[in-house]
Amino acid sequence: MEIANLHLQNFRNYKDEKVLFSPGINVLQGQNGQGKTNILEAIYYLLTGKSYRVRKEKELILWGEDAFHIFGDFLALDRKLSLESHYLDKRKIVKINNVPCRKLSDYVGTINVVFFSPDDLIMVKGGPAERRRFLDFHIAQLYSRHVHILNAYNKVLHQKAALLKSPFEPSKISNIEIWNEQLMDLGSKVILNRWKFTQVLAQKSKEIYDQLSSGEEELSLNYLALGHQNVEEALHEFPIMLKEKMKQEIERQVVLVGPHRDDLNFQLNGKSARVFASQGQQRSIVLSLKLAELEVIFLEKGEYPLLLLDDVLSELDIFRREYLLEFIKPIRQALITMTSAEKPLTEVAALYRVDKGHIGRII
Ligand SMILES: Nc1ncnc2c1ncn2[C@@H]1O[C@H](COP(=O)(O)OP(=O)(O)O)[C@@H](O)[C@H]1O
Ligand SMILES: [Mg+2]
């Protein structure tokens, strides 16, 4: 996957800016607050329909304006794809090769991208919702059906939650049971998708972490389905737990059983990384995960995703930095941001200066 060019209009601090990229490593250099991350954010938004920083599109519009437009040309395997993303009149419009896409889920997964920023530490340190989002997002990039299953599951979840909050009437129990059937049917699919993806990711990230720690520590990833490490056990227990917790669910008016409460566990040498790992170890876990993601996408899609690295090199020690740069050598293209003060990289295909909402190539 490769981005050939990008055109931004009224996006963040860019009024009307065009840039051409090269295959290989593209470095975006500039002082803080000039618009480096905004470029990566625009590319990520174009490819996924989401910003990882904000939930409201409004915040992405250049202050004082009322719409933004992003255009980019990409090369995926040997196909050329022109993507457009517009936000105007409070609506998103997405086009692939000039054809509007009806649903965003039709479009997610067309192009694969891996974004890596220092904020990704939240994957290890944050709550389970962060990790579920990580899993679901990456599964959706590989199997677009996961989005439909997840949406259907969430719909049932909302319906059941609404029912739990409604006043008691004799039919309430049997209505809950009807929703439970659907919750279990869709929930089991969500669990299986997440579990399968975790298996593959776990194997790859374990190998990578092993190299990063010179074989000193062992990383393991476990998907905890309904509190169980064993997925078959979880699926077997699902109907039993739904029955057992029904009374409690009615009392508390919340849905207590289902994959919307699941988690992904990281362990180093068998101990919870969230609780016990040092900052450096947590960084290595995130690095292992990101590199594993690259490999998994490569295996599934037959080509590497576009890699966006935001300010991560400065966070890594020399050994990890070298490891990362060596690892990404076979990748078709990577965009890397860094501040002007940092040591320049060797083997750079193109170097850009980012300055107050302008980007220009200098090498
Ligand atoms: N909606 C917006 N309109 C105009 N400027 C914005 C908007 N959102 C952020 N900015 C500006 O963008 C700059 C931050 O850009 P960013 O890409 O995060 O910088 P960096 O180069 O440090 O990565 C800040 O100067 C901020 O004020
Ligand atoms: Mg930045």
Side-chain angles (χ1 to χ4, degrees), residues 3 5-21 25-72 84-94 113-123 125-126 130 279 283 286-287 290 306-316 320-321 324-325 328 333-345 348 350-363:
I3 176 165
N5 58 63
L6 181 72
H7 181 186
L8 301 180
Q9 288 180 320
N10 295 341
F11 183 88
R12 293 280 198 190
N13 64 338
Y14 291 94
K15 178 79 199 138
D16 193 350
E17 200 70 10
K18 289 181 181 167
V19 56
L20 300 178
F21 294 106
I25 292 183
N26 293 248
V27 171
L28 279 60
Q29 217 172 28
Q31 309 285 350
N32 286 327
Q34 300 303 307
K36 302 184 293 298
T37 302
N38 292 347
I39 295 273
L40 301 191
E41 183 181 35
I43 296 171
Y44 188 86
Y45 185 87
L46 189 54
L47 293 175
T48 65
K50 285 193 197 101
S51 159
Y52 48 88
R53 293 206 280 193
V54 298
R55 277 169 202 277
K56 292 199 189 102
E57 265 78 8
K58 207 172 148 248
E59 295 171 36
L60 303 175
I61 305 174
L62 176 70
W63 297 322
E65 298 291 335
D66 50 18
F68 70 71
H69 311 275
I70 314 172
F71 307 83
E84 291 168 45
S85 212
H86 307 270
Y87 184 72
L88 70 167
D89 299 331
K90 298 188 178 149
R91 284 183 52 223
K92 290 187 196 190
I93 298 163
V94 171
V113 57
V114 168
F115 186 94
F116 185 8
S117 90
D119 295 342
D120 287 319
L121 258 193
I122 198 161
M123 282 275 310
K125 297 210 294 201
E130 299 289 342
Q279 183 97 344
R283 281 212 179 101
V286 176
L287 179 58
K290 291 287 160 177
L306 173 63
L307 177 62
L308 306 175
L309 295 178
D310 194 18
D311 277 340
V312 284
L313 292 182
S314 60
E315 298 250 320
L316 300 172
R320 286 173 177 78
R321 187 180 157 126
L324 168 67
L325 292 172
I328 66 174
Q333 192 187 40
L335 269 50
I336 303 181
T337 72
M338 50 176 76
T339 60
S340 311
E342 277 179 67
K343 192 172 138 249
L345 294 180
V348 163
L351 178 64
Y352 303 82
R353 168 86 56 231
V354 179
D355 190 26
K356 297 192 194 77
H358 293 288
I359 172 165
R361 184 163 174 175
I362 46 179
I363 297 176

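All ligand and atom numbering here is 1-based and tracks the order in the structure. We're numbering straight along the sequence, starting at 1. Values below: all heavy atoms of this structure, side chains included; hydrogens, waters and symmetry mates excluded.
- In summary, E65 and K15 engage in a salt bridge, as defined by a charged side-chain N under 4.0 Å from a carboxylate O.
- Within a 6.0 Å sphere centred on CG of N5, other residues, nucleotides and ligands contribute more than 12 heavy atoms.
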Start with the C-alpha distance between F11 and F71, add both sets of side-chain angles, then the distance that settles ring pair (Phe, Tyr, Trp, His ring centres under 6.0 Å), and finish with yes or no. CA-CA 11 Å; F11 183 88; F71 307 83; over 10 Å; no
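- Excluding waters, the count of protein N/O/S atoms less than 2.8 Å from the Mg ion (ligand 2) comes to 1.
- The aromatic rings of F115 and Y44 sit perpendicular, their planes meeting at an angle over 60°, well past the 30° parallel limit.
- Using modelled atom types and a 3.5 Å distance limit, the side chains of H358 and E17 yield a donor-acceptor pair.
- No more than 12 heavy-atom neighbours from other residues, nucleotides or ligands sit within 6.0 angstrom of CD on Q31.
- Using modelled atom types and a 3.5 Å distance limit, the side chains of R53 and N38 yield a donor-acceptor pair.
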Do Y352 and F21 pass the ring pair (Phe, Tyr, Trp, His ring centres under 6.0 Å) test, and can you show the C-alpha distance, the side-chain angles, and the key distance before you say yes or no? CA-CA 9 Å; Y352 303 82; F21 294 106; 5.5 Å; yes
For ligand 1, list every N/O pair with the protein closer than 3.5 Å, one pair per line with the distance.
from	atom 1	to	atom 2	distance (Å)
ligand 1	1 (N)	E59	O	3.0
ligand 1	1 (N)	I61	O	2.8
ligand 1	1 (N)	W63	NE1	3.3
ligand 1	3 (N)	R12	O	3.2
ligand 1	3 (N)	W63	N	3.1
ligand 1	8 (N)	R12	NH1	3.2
ligand 1	12 (O)	N38	ND2	3.2
ligand 1	15 (O)	N38	ND2	3.0
ligand 1	17 (O)	K36	N	3.2
ligand 1	17 (O)	T37	N	3.1
ligand 1	17 (O)	N38	N	2.8
ligand 1	17 (O)	N38	OD1	3.1
ligand 1	17 (O)	N38	ND2	3.4
ligand 1	18 (O)	R53	NH1	3.4
ligand 1	19 (O)	G35	N	3.3
ligand 1	21 (O)	Q34	N	3.2
ligand 1	21 (O)	G35	N	3.0
ligand 1	21 (O)	K36	N	2.9
ligand 1	21 (O)	K36	NZ	2.9
ligand 1	22 (O)	G33	N	2.7
ligand 1	23 (O)	T37	N	2.9
ligand 1	23 (O)	T37	OG1	2.8
ligand 1	25 (O)	G33	O	3.0

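- Salt bridge status for K290 with D120: present, with a side-chain N to carboxylate O gap under 4.0 Å.
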